[in-house]
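Below is one structure, written out as structure tokens, with a few remarks after it.
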Amino acid sequence: MEVRELPLEDRFVEHFEEKGIESLYPPQVAAVEAGVADDQRVVAALPTASGKTLVAQLAMLTADGPALYVVPLRALATEKYETFSELPGVSVGVATGDYDGDDDGFEDDDIVVATCEKVDSAIRNGAEWVERLACVVVDEVHLLDARGRGPTLEVTLAKLQRLRPDQQIVALSATVGNADEIADWLDAELVQSTWRPVDLKTGVYDDGAIAFEDGENRRIDADDRPPTTALVADALDEGGQSLVFVNSRREAQQLAAELADEGFAAAPEIAEEIGPDATTSTGEALASAAKGGVAFHHAGLRAEHRSIVENAFRERELRVLCATPTLAAGVNVPARRVIVRDTERFTGEGYDPLPVLEVHQMFGRAGRPGLDPYGEAVLVATGENADSLRERYVGAEPEPVESKLAAREPLRTHVLATVAGGFADSREGLRDVLASTFFAHQRDESELRDLTDEVLAYLDATGMLRRDGGLAATDLGRLVSRVYVDPLTGAEVVEAVETAAAMERVTALTILELVCDTEDMTTQHVRNDEAGRLSEFAMRREDQFTKSVSEFEGNFQSWLGTLKTARLLADWADGADAETIDERYGVAPGDVRRLAESAAWLLSATEVIAEHLADGAVGRDADAESDAAADGGETADADYESVVDRIRETREALVERED
DNA sequence: CCTCAGGTCTTTTAGACAGCATGTC
DNA sequence: CTAAAAGACCTGAGG
């Protein structure tokens, strides 16, 4: 099937032809036959790089109104925004947390690219553009399975369909065990294929040879070198780049250093590009590896370094990339040979084997369409596990996608948002909304009832929702839902701000500790040699914290992590540079940035909540004073205003540091 | 006294979404 | 509060 045969306007046909897209790939033909270009709902479960983006564009460009493209990562949003912006005469907008501002600009856009959470937030805040969508494309729907974020995706999709039941939905998925179930839920036709534009050969390296799935056996002389080194060297001999997946940052850096020492290739210009900013230990290690044509990639890298590495690898200036799983799901960085060295990951409860889906996504990075003759994905066996690796990951079907909605955390968030957003005003109404989720389709809505009731009781007890006959969110509940924090965070903030308002000394550290100790914040680990110093510091500054240090309730060790994070952020807000933070706390620049971003977000939510409390306190003070006048007793001396001021100052200092 | 091999104890372990509020002549 | 592997620390033998 040719592009010109599609029901597209001429300018789009020309655009695609200019890009070299003239005829469709087989899975794309299947999607067209299923009706993507004809307003039909379609679920396309296809391998990476098999042309899903074109399928999405066909749906969006033929839809009868504005379209939304939902992605799981901000980096992906930027990538898609750039792609769609090239379409002639199409106005595209991006809605993600880091593109602030023009929230109402989307009214005029033909395509909006957004993260799932941003869409959820827009719905909660009553944005009008979400109600007009004729077409919604969901990228990476298999993330319905993700514990942290899947529930948001399914609830958001359920809400979007309620807002416009007739809208076209197109869901793009990796190959999963139960794509049919997802299609069924969305009332869509399933298009499934394993076709790829580049051949993929998958194999297991063991005992000096790669045993490929197709029977080929490729000898690789290790010559005393570790298997991974030999595999990389072999790929380089054939003129191909390698992408090696390992399971920790330390491994990634160490392996990069070892491979750089082998002297395979050199990329002095990349080292130089990294060089000037390589003040931290991470940056230095990266620059030094780059001299040998090798790099590593993990979330501790500064954003600038990360994109230098990605681009240099794409341009073939770097020949080897050692990465943590960041790269498997993120932006497209393909390589001739993908080497999966580690297939186990620490989970907090020992080591777990990686899910098949994840390993397949790593495999999927093998082979550059149009550039490599084929892609190779190689698992590295250790000891006697070659057969079990092969059985588990090669040619095995990925796990089915399972809804994670039936848990306390996602339910308390989404139950509150559903009520606060006006989607339900009774338990029956709430059930009705929940009945349209993927969970209900897969299991049964009734399985959510006990947890939902428990969550409703919690929301009532924390003053976010009332259950008198029907269900109604309180002012606090609406606020918490709109600022997009977990109700537990909301409750923690309310309590801490109330404590702070009665405190003598409220500093930036007070405020930072307050937000770092909420459910929505991730904190740093405390190294053994830091613990003593930190708890000493905590004792010294006890009067600055909203909780008692000397009579600590709960896990003191983990609170020290909270404190470490708060101190680090206080230093950062105070102007300390990445190098200083790295030396003082052993925290990499990418992590500092991420923590600062989260804290800034939570501080803004905290500010709004504190203002709300301040308003309430005015009323309460008046009451208290009249009571006091009646008793002739004390007056309330809680000072919310100065807490609000301190929160604002702290947030501003932190935001200013975001260069 | 220094070095190095080998054993034992200790430490560490991936990633990344989200925002209110408005003024101004 | 799980388990694997690197790293820190320790010990003892040999130069």
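Here is the naming used below: chain letters follow the sequence lines, and residue numbers restart at 1 for every chain. Bear in mind that the values here come from a model prediction, so they are computed numbers and not experimental data.
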Seminar exercise, completed: Regarding the side chain of L73(A), the nearest nucleotide among dA16(B), dC20(B), dA14(B) is dA16(B)
Which donor-acceptor pairs under 3.5 Å do side chains of residues 554-561 of chain A form with protein atoms, sequence neighbours excluded?
residue, atom, partner, partner atom, Å
N555(A), OD1, Q557(A), N, 3.1
N555(A), OD1, S558(A), N, 3.1
W559(A), NE1, E513(A), OE2, 2.7

Exercise. Looking across every strand, which nucleic acid part, if any, lies under 4.0 Å from E251(A) by heavy atom: base, sugar-phosphate, or nothing?
Worked result: sugar-phosphate
For this session: May I ask you to evaluate whether R345(A) reaches the phosphate of dT13(B), defined as a side-chain N or O under 4.0 Å from OP1 or OP2?
Result: no
Exercise. Does dG23(B) have a Watson-Crick or wobble mate here (both distances under 3.5 Å), and if so which one?
Worked result: none
Exercise. Which nucleotide in the set dG7(C), dC20(B), dT13(B) lies at the smallest distance from any side-chain heavy atom of S248(A)?
Worked result: dT13(B)
Problem set entry | Which nucleotide in dT13(B), dA16(B), dC17(B) has an atom nearest any side-chain atom of A299(A) | dA16(B)
Exercise. Can you find a side-chain donor-acceptor pair between T53(A) and K80(A) that sits under 3.5 Å?
Worked result: yes
Exercise. Is the shortest side-chain N/O distance from R651(A) to OP1 or OP2 of dC20(B) below 4.0 Å?
Worked result: no
Exercise. Do the side-chain N and O atoms of T96(A) and D98(A) include a donor-acceptor pair separated by under 3.5 angstrom?
Worked result: yes
Seminar exercise, completed: Out of dC20(B), dT13(B), dA18(B), minimum distance to the side chain of F346(A) belongs to dT13(B)
Exercise. Once you round it to whole Å, what is the distance between P of dG7(C) and CG of N528(A)?
Worked result: 17 Å
Exercise. Which nucleotide, dA18(B), dA5(C), dA16(B), lies nearest any side-chain atom of T522(A)?
Worked result: dA16(B)
Exercise. Among dC20(B), dA6(C), dA14(B), which nucleotide sits nearest the side chain of T324(A)?
Worked result: dA14(B)
Exercise. Which sits closer to the 5' end of DNA chain B, V526(A) or S598(A), going by the nucleotide each is nearest to?
Worked result: V526(A)
Problem set entry | Atom-to-atom span, CG of D352(A) to P of dA14(B) - whole angstrom | 15 Å
Exercise. Does a sphere of radius 6.0 Å around CZ in R147(A) hold more than 12 heavy atoms from other residues, nucleotides or ligands, not counting ones at 6.0 Å or beyond?
Worked result: no
Seminar exercise, completed: Comparing V608(A) with H297(A), nearest DNA chain B nucleotide closer to 5' gives the residue H297(A)
Exercise. Are any of the side-chain nitrogens in D352(A) or R345(A) under 4.0 Å away from the carboxylate oxygens of its partner?
Worked result: no
For this session: Mind checking R124(A) for me? I need base, sugar-phosphate or nothing, with any heavy atom below 4.0 Å counting as a touch.
Result: nothing
For this session: Tell me which nucleotide among dA14(B), dT13(B), dC20(B) gets nearest to the side chain of Y351(A).
Result: dT13(B)
Seminar exercise, completed: Y484(A) atom OH is separated from dC17(B) atom P, nearest whole Å, by 12 Å
Problem set entry | Phosphate-side-chain proximity, R482(A) and dA21(B), N/O vs OP1/OP2 below 4.0 Å | yes
Exercise. Touch check for H298(A), heavy atoms < 4.0 angstrom, all strands: base, sugar-phosphate only, or nothing?
Worked result: sugar-phosphate
For this session: Count the heavy atoms of every other residue, nucleotide or ligand shown that sit under 6.0 Å from CD of E495(A), and state whether that count exceeds 12.
Result: no
Seminar exercise, completed: Ranking dA18(B), dT12(B), dA6(C) by distance to the side chain of E117(A), first place goes to dA18(B)
Exercise. Do we see W601(A) stacking on the base of dG19(B), given a limit of 5.5 Å between centres and 30° between planes?
Worked result: no
Problem set entry | Paired and unpaired positions of DNA chain C as dot-bracket, Watson-Crick or G-U wobble under 3.5 Å, | denoting a partner strand | ..|||||||||||||
Seminar exercise, completed: Among the nucleotides dA6(C), dA14(B), dA16(B), whichever has the atom closest to the side chain of R250(A) is dA6(C)
For this session: Calculate the interatomic distance between L153(A) atom CG and dA18(B) atom P; express it in whole Å.
Result: 14 Å
Seminar exercise, completed: note: R648(A), atom CZ; dT22(B), atom P; distance rounded to Å ~ 12 Å
For this session: Choose from dC20(B), dC17(B), dA14(B) the nucleotide whose nearest atom is closest to any side-chain atom of E358(A).
Result: dA14(B)
Exercise. For Q254(A), which contact category applies under a 4.0 Å heavy-atom criterion: base, sugar-phosphate, or nothing?
Worked result: sugar-phosphate
Exercise. Base, sugar-phosphate alone, or nothing: which one does T152(A) contact when heavy atoms must sit under 4.0 Å apart?
Worked result: nothing
Exercise. Between R594(A) and E597(A), is there a salt bridge with N-O shorter than 4.0 Å?
Worked result: no
For this session: Under 4.0 Å between any heavy atoms, over every strand shown, what does N247(A) touch: base, sugar-phosphate, or nothing? Just pick one.
Result: sugar-phosphate
For this session: Respond yes when some side-chain nitrogen or oxygen of N125(A) is under 4.0 Å from OP1 or OP2 of dG19(B), and no when none is.
Result: no
Exercise. So, is S604(A) close to the dC20(B) phosphate, meaning a side-chain N or O under 4.0 Å from OP1 or OP2?
Worked result: no
For this session: Go ahead and name the base partner of dA16(B); Watson-Crick or wobble counts if both distances stay under 3.5 Å, otherwise write none.
Result: none
Exercise. CD of Q524(A) versus C1' of dG15(B): gap in Å, rounded?
Worked result: 13 Å
For this session: Cation-pi check, R162(A) to F423(A): give yes when NZ or CZ is under 6.0 Å from the six-membered ring centre and within 45° of the ring axis, no otherwise.
Result: no
Exercise. Please give, in whole Å, the distance from dG15(B) P to L354(A) CG?
Worked result: 13 Å
Exercise. Are any of the side-chain nitrogens in R648(A) or E611(A) under 4.0 Å away from the carboxylate oxygens of its partner?
Worked result: yes
Exercise. Got a salt bridge between E519(A) and R408(A), using NZ or NE/NH1/NH2 to carboxylate O under 4.0 Å?
Worked result: no
Problem set entry | Spacing of N385(A) atom CG relative to dA4(C) atom P, expressed in whole Å | 13 Å
